[in-house]
Visitor: 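Questions regarding the structure given below will be posed in turn.
Atoms within a ligand are numbered from 1 in the order they appear, just like the ligands themselves.
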Amino acid sequence: MCGIIGYAGHRPAVPVVIEGLRRLEYRGYDSAGVAFARQGHLHVVRATGKLAALEEKLAHEGGVTMTTCAMGHTRWATHGAPVERNAHPHCSNDGTLAMVHNGIIENFQEIKAALIDKGYVFSSETDTEVLVNLIAEHRKTEPDLLHAFAAALREARGAYAVCLMDKENPGVLYAARMSAPLIFGIGTGENFIASDIPAFLPYTRKVLFLEDGEIVRLTASGFEVLQLADLSLATHEPQVIQWDMQAAQKSGYRHFMLKEIFEQPRVIADGLTGRVSHGDVLLRELDALPVPRRLYIVACGTSYHSGLWGRHLLEHWAKVPVQVEIASEFRYRDTLLLEKDDMVLVISQSGETADTLAALRIAREHGVHVLGLCNVVGSSIAREAQAVLYTQAGPEISVASTKAMCSQMLMLALMALYWGRRKDSMTMEDRHSVLAVLEKLPNVLAEALPEMHKRARELSRKYAQARNFFYLGRGHCYPLALEGALKLKELSYIHAEGYAAGEMKHGPIALIDPTFPTFVLALDDDLLPKVVSNLVEVQARQGRVIALVNDGVDVKADDVWNIPSLPGFLAAFAVLPAVQLFSYETADYLGKDVDQPRNLAKSVTVE
Ligand code: AGP
């Protein structure tokens, strides 16, 4: 997620903007830049790396302290490598306009091609540079910038929060939002626009939350919020923010982990952006690669659990045989029987996990195709894989991985659909019906999460004193059982074991007694009768049971937890937040450091 701040007021604007970007640093970024207009000249200064590098460059830029209107950006790369030419702000070819942007313009390639035909040239790989030149093109027929801006936005499809400035009107900023946050800060003799409240919180607590499809024109003395559709006035009641700075960086959530769990609907929506067209899946990154004869998925921890879940979809929909391996085992296997038509998929949120990176290098030595599934653009795994799919989940701040797994599962589902189409191993009707569910998923989850959180909180208080836990699942729920157990372990330090439910009678059931509760994933699928038998076996030995169920499941348990019903494998998208929230609430109740659990690192870059 990129950071944006725009300022028009009575102070030296560039320092205000730089400090605002510093307060957005927690969002993660790999480059930054500022723009301001002065004496008919557009000053744009950009640098890769941290803000200090940008400040170093600004020290050599004239007019920095003279301007009272500026905008700035920190970039979390989604399209294009994290290099200076891709850093924001981006300018129009004629040098009159500068823009900063957060989001993804789905149809930027088509727009770019049309602009190139009209003689435009591009120095970056970004969709932002395309958008700002589209505005310049519209300005040829629509001299009023607000109208040209609106016309261009109506042509663009996808998610954006943008801020625009024009060298001819140095004290004016324009902004607009569609499916990406943009907040307006109302000061006295000064106004702000930003991706998030911390950027301007020291100056004002009076805010307007812009809605999708709204466009803003702001100056030091005033502002107007208009409907993009017809430029009619939009009315908003300002709100007063009570948060302190830290709370604001968590958008009011108690921890980053909770914020990231609740970001999962947005993560799914962003993951689908630009990847579904005319009812089918587009994965351009995979077009040049053959569909593998056999796929090895190699990862660690939560990413390994994503791979175990993805195997079910890839085998069932794309008929690709899949072997899922723990990276630290794969890399030391003395005999790796990889063949030339095989492919290795390494999954890593950070893209820096040592064991996974080592596995990638070994796969490359064996001459097989190597694909990366990462969240961090430009990470080692992303650079060393032959091709890389980005999960576009935005920075994951909490050490415990939550939204990253959701985004990995989404990408694995899209891969299965994409290869299913290429192999013609799945009917178009089946593909379309799966996509229809995926496209509804953000709303389904957004609606269900508050109630899930409430139920997780209730149950966590009841079971928090347990010293041991089993998590049981079958089929595609087995990986979710493993993930639920990992989350409970790493957050609350309660020992938890994820197990294939059918394995209980092969020994582990000896552990069951009233002090050893079991979390059973009992969804309405073909394996339910078997899971119910395992649940009964646990109860017969006085084991307490939390049964996570969906519609149509009627089981007796100490506690039954109902979650939304989703068809087939996609039911896992409702199970995942439930087990995450249960662990989160248990750990928080026990007073643990939820975002920074003891002994853990966000990225395990050592063996
Ligand atoms: C997840 O909650 C853990 N913190 C950990 O298992 C993590 O998933 C694992 O270290 C892999 O990290 P990666 O996805 O960045 O490679």
Side-chain angles (χ1 to χ4, degrees), residues 28 76 255-261 263-264 267 297-310 324-331 344-361 363 370-385 388-412 471 479-494 496-498 576-577 579-584 586-587 592-607:
W76 168 271
H255 296 100
F256 280 111
M257 180 176 172
L258 190 59
K259 176 183 176 187
E260 287 156 5
I261 290 170
E263 280 179 347
Q264 289 178 127
V267 160
I297 300 180
V298 184
C300 300
T302 290
S303 298
Y304 169 68
H305 298 154
S306 303
L308 284 174
W309 178 81
V324 189
E325 303 262 3
I326 291 172
S328 55
E329 291 297 308
F330 179 88
R331 69 178 289 191
V344 171
L345 167 67
V346 290
I347 304 178
S348 176
Q349 186 285 131
S350 62
E352 300 298 344
T353 299
D355 286 322
T356 311
L357 183 56
L360 177 154
R361 290 169 177 164
V370 181
L371 177 59
L373 177 58
C374 295
N375 191 38
V376 180
V377 176
S379 58
S380 303
I381 286 174
R383 280 183 283 107
E384 296 191 29
V388 59
L389 285 169
Y390 286 118
T391 49
Q392 295 168 185
E396 191 172 61
I397 312 292
S398 189
V399 166
S401 200
T402 50
K403 64 175 182 174
M405 180 163 179
C406 177
S407 66
Q408 290 164 354
M409 287 164 58
L410 178 72
M411 288 315 297
L412 288 161
Y471 280 71
L480 278 293
L482 294 175
E483 178 60 13
L486 174 63
K487 282 287 152 308
L488 191 67
K489 274 195 279 268
E490 64 177 336
L491 289 162
S492 65
Y493 315 149
I494 294 172
E497 288 196 53
L576 183 64
V579 298
Q580 292 167 345
L581 287 164
F582 179 72
S583 303
Y584 168 80
T586 302
K592 305 303 180 191
D593 182 351
V594 169
D595 280 331
Q596 304 282 341
R598 69 185 182 195
N599 311 335
L600 295 190
K602 183 60 189 169
S603 178
V604 182
T605 55
V606 294
E607 281 200 38

Visitor: Considering non-hydrogen atoms only, spot the tightest contact between L360 and V346 and give its length.
Guide: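 Smallest interatomic distance, heavy atoms only, reads CD1-CG2, 3.8 Å.
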Visitor: Identify, by atom number and element, the atoms of ligand 1 in contact range of S401, meaning under 4.0 Å from any of its heavy atoms.
Guide: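 Result: 1 (C), 2 (O).
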Visitor: Check this for me, if you would: do E396 and K403 make a salt bridge, where the nitrogen-to-carboxylate-oxygen distance has to be below 4.0 angstrom?
Guide: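 Judged by the 4.0 Å cut-off on N to carboxylate O distance, E396 and K403 do not form a salt bridge.
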Visitor: Looking only at protein heavy atoms, which one is nearest to atom 8 (O) of ligand 1, and how far off is it?
Guide: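 Of the protein heavy atoms, T302 N, 3.1 Å lies nearest.
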Visitor: Does S350 use its side chain to pair, donor to acceptor, with the backbone of E352 at less than 3.5 Å?
Guide: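 Here the side-chain-to-backbone pair exists.
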Visitor: For A400, counting its heavy atoms only, list the atoms of ligand 1 lying under 4.0 Å from any of them.
Guide: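 So the answer, numbered in order with elements, is 2 (O).
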Visitor: Can you pull out the closest protein heavy atom to atom 10 (O) of ligand 1? Residue, atom name and distance to 0.1 Å, please.
Guide: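 For this ligand atom, the closest protein heavy atom is V604 CG2, 3.9 Å.
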Visitor: Among side-chain atoms of Q580 and Q264, is any donor-acceptor pair under 3.5 angstrom?
Guide: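 Result is yes, a qualifying pair exists.
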Visitor: Show the numbers, then the answer: is there a side-chain hydrogen bond (donor to acceptor under 3.5 Å, both in side chains) between S303 and Q349?
Guide: CA-CA 7 Å; S303 298; Q349 186 285 131; over 6 Å; no
Visitor: Nearest 0.5 Å please: distance from the CD atom of E384 over to the OG atom of S379.
Guide: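 Reported value, rounded in 0.5 Å steps: 9.5 Å.
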Visitor: Checking the side chain of Q596 only, and the main-chain atoms of V399 only, is there a donor and an acceptor separated by less than 3.5 Å?
Guide: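 Not at all, since once roles are kept as given, no pair shorter than 3.5 Å links the two residues.
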Visitor: If I apply the N/O under 3.5 Å rule, does S350 come out as touching ligand 1?
Guide: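 Between S350 and ligand 1, an N or O pair is found under 3.5 Å apart.
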Visitor: So which protein heavy atom does atom 13 (P) of ligand 1 come closest to, and at what separation?
Guide: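 Result for atom 13 (P) of ligand 1: T353 OG1, 3.3 Å.
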Visitor: Of the non-hydrogen atoms in N375 and A393, which two are nearest, and what is the gap between them?
Guide: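 Nearest pair, atom of N375 first, then A393: OD1-N, 2.9 Å.
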Visitor: Under 4.0 Å from a heavy atom of S303: which atoms of ligand 1 are those, numbered in the order shown and with their elements?
Guide: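 Answer for ligand 1: 8 (O), 13 (P), 14 (O).
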Visitor: Given S348, C300, A299, A354, identify the one with the heavy atom nearest to atom 11 (C) of ligand 1.
Guide: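 Among S348, C300, A299, A354, the closest heavy atom to atom 11 (C) of ligand 1 comes from C300.
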Visitor: State the atoms of ligand 1, each with its element, that fall below the 4.0 Å cut-off from a heavy-atom position in K487.
Guide: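 Here the atoms of ligand 1 in question are 1 (C), 2 (O).
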Visitor: Identify, by atom number and element, the atoms of ligand 1 in contact range of E490, meaning under 4.0 Å from any of its heavy atoms.
Guide: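 Close to E490: 1 (C), 2 (O), 3 (C), 4 (N).
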Visitor: For ligand 1, which atoms have a heavy atom of V399 less than 4.0 angstrom away?
Guide: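 Answer, ordered by atom number: 4 (N).
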Visitor: Is L600 close enough to touch ligand 1? Criterion: a residue heavy atom under 4.0 Å from a ligand atom.
Guide: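 It does not, in that no heavy atom of L600 comes within the 4.0 Å cut-off of ligand 1.
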